[in-house]
Q: 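This is the structure, below, for whatever I ask next.
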There are 2 protein chains.
Amino acid sequence: MYFTPPLAKLIEEFQRFPGVGPKSAQRMAFYVLGMSSESVKGFAHALLDAKERVKNCSICFHLSAENPCEICTNDRRDKTIMCVVAESRDVIALERSREYKGSYHVLTGLISPLDGKGPDQLSIRELLNRIVADGVTEAILAINPTIEGDVTVLYLTRIIKPLGCKISRIAFGLPVGADLEYADDVTLARAMEGRREI
Amino acid sequence: MYFTPPLAKLIEEFQRFPGVGPKSAQRMAFYVLGMSSESVKGFAHALLDAKERVKNCSICFHLSAENPCEICTNDRRDKTIMCVVAESRDVIALERSREYKGSYHVLTGLISPLDGKGPDQLSIRELLNRIVADGVTEAILAINPTIEGDVTVLYLTRIIKPLGCKISRIAFGLPVGADLEYADDVTLARAMEGRREI
């Protein structure tokens with residue numbers, strides 16, 4: 001027994017987070033002890049508050065403290081273009097680029113038979129309903145080029161096509177600022193495949 | 001505004017921790033949203049509990065939920081040998097080696113004029129009182145070989161020597177498992193300086 005019990009417990013709690021090993025957990029726990037009581041209370045409150053108030057939007061399933069979320073209630077967003085993503089954090093990443101002005105739909109995961117995750121566990125029924133109700137003309141699939149991603153894209157294409165909605169998938173290729181010489185084979189193959197006439 | 005306010009607040013809180021950048025903070029905040037409500041409550045409770053209950057031991061200044069701490073109240077520890085360290089985490093590191101069976105004294109810092117930290121801000125008076133009261137025969141200074149560490153060691157040596165107590169400092173040299181070829185100059189110089197006849 002090296003750590004006094006409440007400290008050991010706190011280190012254990014920090015260690016459950018992704019990317020936090022025993023050393024970082026220990027450093028974070030000691031940091032908590034060095035914080036003022038008010039700061040620790042503020043942190044604890046922020047945790048409970050976020051967990052209690054942030055829920056999936058009932059329309060697009062994006063995580064938000066509002067329901068419907070800030071994006072769904074924004075009248076300046078084009079409802080006829082819909083970007084379909086796996087997770088809420090993908091919405092954040094796309095919003096950060098300030099490029100896209102349409103709506104979103106968060107699938108809350110990808111089809112993954114190995115993890116027992118089928119289309120029924122995703123928000124696909126709601127997606128189809130929205131495409132029809134909002135008169136969506138283009139569905140942009142912003143889904144990672146992994147096995148689960150590709151399977152999900154295939155599945156979605158098959159069921160969205162009959163609705164008469166255009167489907168596209170974001171481009172994969174050389175990241176901006178990267179060097180051709182150091183790109184991996186799969187990325188280069190995708191970049192060649194996705195070449196465009198200029 | 002990419003994140004819904006309670007989520008933005010939580011990310012901001014995580015980002016204050018040492019070694020946690022914006023990306024890790026975001027990942028940790030999303031992880032919280034994915035935890036069960038009970039788990040989040042448990043984590044918040046662990047934070048408040050650790051902050052409230054873990055204090056500096058009134059004898060040795062080690063962080064503990066008990067006062068006096070588990071080490072000070074352990075009768076099997078040799079009170080006549082005292083290991084002097086800068087921080088509570090150094091006690092943990094030394095305890096982990098299972099080598100040392102004496103008592104500890106945590107200075108709660110090092111002398112650092114640049115940070116406005118003089119001997120008065122450290123638990124040095126308490127250290128001297130303990131050396132006299134417990135009849136300490138050897139004070140082992142387990143203090144890092146930094147400028148602040150060296151200054152503190154010099155200061156402590158000057159005021160502990162008159163009490164008739166033997167003083168030693170832990171050895172600095174090549175870490176076990178390391179390769180001579182890759183050791184830095186200062187470490188090698190310290191290792192040569194600290195050589196022992198075999």
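Chain letters run A, B, ... following the sequence lines, proteins first and then strands; every chain starts at 1.
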Q: Hey, what do you get for CD1 (A:I92) to CD (B:Q26), rounding to the nearest 0.5 Å?
A: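 Going from the CD1 atom of A:I92 to the CD atom of B:Q26 covers 6.5 Å.
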
Q: Taking all heavy atoms of A:K9 and all of B:A46, pick out the closest pair and write down the distance.
A: CG-CB, 4.1 Å

Q: At a heavy-atom separation under 4.5 Å, does B:R89 approach chain A through its side chain, its backbone, both, or neither?
A: both

Q: In terms of heavy-atom proximity below 4.5 Å to chain A, should B:V20 be classed as side chain, backbone, both, or neither?
A: side chain

Q: Look up atom CG in A:D49 and atom CD in B:E13, then write down how far apart they are to the nearest 0.5 Å.
A: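 So the gap between those two atoms works out to 11.0 Å.
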
Q: With chain A, which of B:A65, B:A44, B:P18, B:S39 has the greatest number of heavy-atom pairs at distances under 4.5 Å?
A: B:P18

Q: With the 4.5 Å side-chain cut-off for hydrophobic clustering, are B:L163 and B:V153 part of the same group?
A: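 Linked within one cluster.
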
Q: Yes or no on side chain to side chain contact (heavy atoms under 4.5 Å, CB included) for A:V54 and B:F3, after CA distance, side-chain angles and deciding distance?
A: CA-CA 10 Å; A:V54 179; B:F3 295 103; over 6 Å; no

Q: Check for me whether the distance between the ring centres of A:F30 and B:F17 falls short of 6.0 Å.
A: no

Q: Looking only at non-hydrogen atoms, find the nearest pair between A:A50 and B:P6 and report the distance.
A: CB-O, 3.8 Å

Q: State, to 0.1 Å, how close B:Y31 and A:R16 come at their nearest heavy-atom pair, and which atoms those are.
A: OH-O, 3.3 Å

Q: How long is the gap from CE on A:M28 to CG on B:L47, to the nearest 0.5 Å?
A: 9.5 Å

Q: Begin with the C-alpha distance, continue with both residues' side-chain angles, and end with the deciding distance and a verdict on side chain to side chain contact (heavy atoms under 4.5 Å, CB included) for B:S37 and A:E52.
A: CA-CA 8 Å; B:S37 287; A:E52 198 183 297; over 6 Å; no

Q: With a 4.5 angstrom heavy-atom cut-off, could you sort out which part of B:E87 is near chain A: side chain, backbone, both or neither?
A: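 When you check distances to chain A, no heavy atom of B:E87 falls under 4.5 Å.
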
Q: Tell me whether the count of non-hydrogen atoms from other residues, nucleotides or ligands lying under 6.0 Å of CD1 in B:I147 goes above 12.
A: no

Q: Hey, is CG on B:D185 packed in by over 12 heavy atoms from elsewhere, all under 6.0 Å?
A: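 Counting neighbours around CG of B:D185, 12 or fewer heavy atoms of other residues, nucleotides or ligands fall under 6.0 Å, so no.
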
Q: If hydrophobic clusters are built by linking Ile, Leu, Val, Met, Phe, Trp and Tyr wherever their side-chain heavy atoms come under 4.5 Å apart, do A:I81 and A:I167 end up in the same one?
A: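 No, no single cluster joins them.
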
Q: Same cluster or not: A:F43 versus B:L7, using hydrophobic residues (I, L, V, M, F, W, Y) connected whenever any side-chain heavy atoms lie under 4.5 Å apart?
A: no

Q: Is there a continuous path of hydrophobic side-chain contacts, each under 4.5 Å between heavy atoms, that joins A:M35 to B:I11?
A: no

Q: According to a 4.5 Å side-chain heavy-atom criterion applied to Ile, Leu, Val, Met, Phe, Trp and Tyr, with indirect links allowed, do B:V84 and B:I170 form part of one hydrophobic cluster?
A: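 No, B:V84 does not connect to B:I170 through the hydrophobic network.
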
Q: With sequence neighbours left out, what residues match B:E148 under salt bridge (Lys or Arg N to Asp or Glu O under 4.0 Å)?
A: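 Expected list: none.
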
Q: Output the residues of residues 96-118 of chain A for which the shortest heavy-atom distance to chain B is under 4.5 Å, in residue-number order; output 'none' if no such residue exists.
A: A:R96, A:R98

Q: Can you say whether A:S64 sits under 4.5 Å from chain B via the side chain, the backbone, both, or neither, judging by heavy atoms?
A: both

Q: Surrounding CG of A:D179 (heavy atoms of other residues, nucleotides or ligands, distance under 6.0 Å), is the total greater than 12?
A: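 Enclosed: over 12 neighbouring heavy atoms sit under 6.0 Å from CG of A:D179.
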
Q: Give a yes-or-no answer on whether the side chains of A:E70 and B:T4 include a donor-acceptor pair shorter than 3.5 Å.
A: yes

Q: Looking at every heavy atom in both A:G19 and B:R27, which two are closest together, and how far apart are they?
A: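 Minimum heavy-atom separation between A:G19 and B:R27: CA-NH2, 3.8 Å.
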
Q: Of the backbone (N, CA, C, O) and the side chain (C-beta and beyond), which part of B:I71 lies under 4.5 Å from a heavy atom of chain A, both, or neither?
A: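 It is neither, since no heavy atom gets under 4.5 Å.
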
Q: Would the distance check show the side chain of A:K51 and the main-chain N or O of B:V40 forming a donor-acceptor pair, the cut-off being under 3.5 Å?
A: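 No; judged by distance alone, with no hydrogens or angles, the pair does not exist.
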
